[in-house]
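A short worksheet on the structure shown next.
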Amino acid sequence: MKLFRWGIAAAATGMSVLAMLPGTAQAAPTASVSVKPTCAFGEITGSGNGSGEPISTKAGQNLVTYTTVRNAKSAPLSGVFFDYQMAAPSNHKGAAPTVWWKYNGGSWHHLITSWYPATKASTAQWEGGDAVLGNLPGNTTRKLEMTVDYPAGATRGFYPGTLLAGAKTCGHQLLGAIPVTTAYEPR
């Protein structure tokens, strides 16, 4: 009867019945070395600049903003990328802002933006395609530097921006949203 109870307990825990017998040497349980990402919103976080956006006071002024990109979980993420959206201050298209980015001290990359007019479901906005950052180990933080230049003819006002972050390992799942906002107020 004791072996039967031990057998049920062993089956429930994945152990061998022999390992449960008194006087039998038992190996330490092995931990899984591979941690998988949860692929849930909040897995990627960042500091953003929501309360301290830079303001351009003339056309062509180079606005620089710094933010962090953090893997908030222990699982590494591969193929981390972001899409950048800047809501326009009005439905008037105006001239396109120029956006550049640099990740973790790397080289500068131009982020080409496209205009999307307002719809019933969203405001007018400029959107950049996928910007690939690379791999982000678990529980690590990296620096993302962005510049935005507003040319003559750009619409005057506040441009609330958001980095929408994801990772190739999680498909199309949104893992984080980081505010990166600027304003164009020429004098």
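What's counted below: heavy atoms across the whole structure, side chains too, no hydrogens, waters or symmetry copies. From a predicted model like this one, the values you see are computed outputs, not experimental measurements.
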Passing candidate, ring pair (Phe, Tyr, Trp, His ring centres under 6.0 Å) with Y159, options Y184, Y84, Y150 = Y150

Within-4.5 Å side-chain heavy-atom neighbours: M86 and P97 = yes

Determine, using ring centers only, whether W126 and W115 are less than 6.0 Å apart.
-> yes

Are the side chains of H109 and Y103 in touch, meaning some heavy atoms are under 4.5 Å apart?
-> no

Answer yes or no: is there a donor N or O on one side and an acceptor on the other, between the side chain of S90 and the main chain of H92, under 3.5 Å?
-> yes

Under 3.5 Å, is there a donor-acceptor pair between the side chain of S74 and the main chain of G138?
-> no

Compute whether any side-chain donor of one residue and acceptor of the other, for E43 and T38, lie under 3.5 angstrom apart.
-> yes

Can you check side-chain contact (heavy atoms from CB on, under 4.5 Å) on T147 and V99, steps first, answer last?
-> CA-CA 6 Å; T147 67; V99 180; over 6 Å; no

Heavy-atom check, side chain of T181 versus side chain of F158, under 4.5 Å = yes

Given the rule in the side-chain contact (heavy atoms from CB on, under 4.5 Å) test, do L163 and T67 qualify, once you have shown the distances and angles that lead to the verdict?
-> CA-CA 10 Å; L163 293 172; T67 187; 4.1 Å; yes

How long is the span from the CG atom in L136 to the CZ atom in R142, to the nearest 0.5 Å?
-> 6.0 Å

Counting only N and O atoms by type, is there a donor-acceptor contact under 3.5 Å from the side chain of R187 to the main-chain atoms of K58?
-> no

